[in-house]
Amino acid sequence: MPLSSYRMHRIYLAATMNYGLGSDDPEELAYYNKIRKEMNEMKKEPVKKGIPLDWDTPEEINK
């Protein structure tokens, strides 16, 4: 039986707030672990800050 949207939302909240799941249902555990894994991967990626300055200037467009 697939997870209801309500249950998925509750699992998402538990995963994002570092709460335990409190369930032994394999489908719920799989969804919880998937979210936790995605969050850990996001933490490893560098955050891009600032404004990229590689756009064309008006002088280059008129040439």
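Nothing here was measured: the structure is a model prediction, and the numbers come from that model.
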At their closest point, which heavy atom of Tyr32 faces which heavy atom of Tyr19, and how far apart are they?
OH-O, 2.6 Å

Between Ile11 and Leu29, is there shared hydrophobic-cluster membership here, with clusters defined by ILVMFWY side-chain heavy atoms closer than 4.5 Å?
yes

Among Met39, Lys34, Glu38, the one residue meeting side-chain contact (heavy atoms from CB on, under 4.5 Å) with Arg36:
Met39

Consider only side-chain heavy atoms of I, L, V, M, F, W and Y, link residues closer than 4.5 Å, and tell whether Ile35 and Met17 are in one cluster.
no

To the nearest 0.5 Å, what is the distance between OG on Ser5 and CZ on Arg10?
12.5 Å

Does Arg7 have any side-chain hydrogen bond (donor to acceptor under 3.5 Å, both in side chains) partners at least two apart in sequence or in another chain, and if so, which?
Glu28

Please give me the minimum heavy-atom distance between Met8 and Leu3, naming the atom from each residue.
CG-CB, 3.6 Å

Check the surroundings of atom CG in Asp24: do more than 12 heavy atoms from other residues, nucleotides or ligands lie under 6.0 Å from it?
no

Please report the shortest heavy-atom distance between Ala14 and Gly20, naming the atom on each side.
CB-O, 4.2 Å

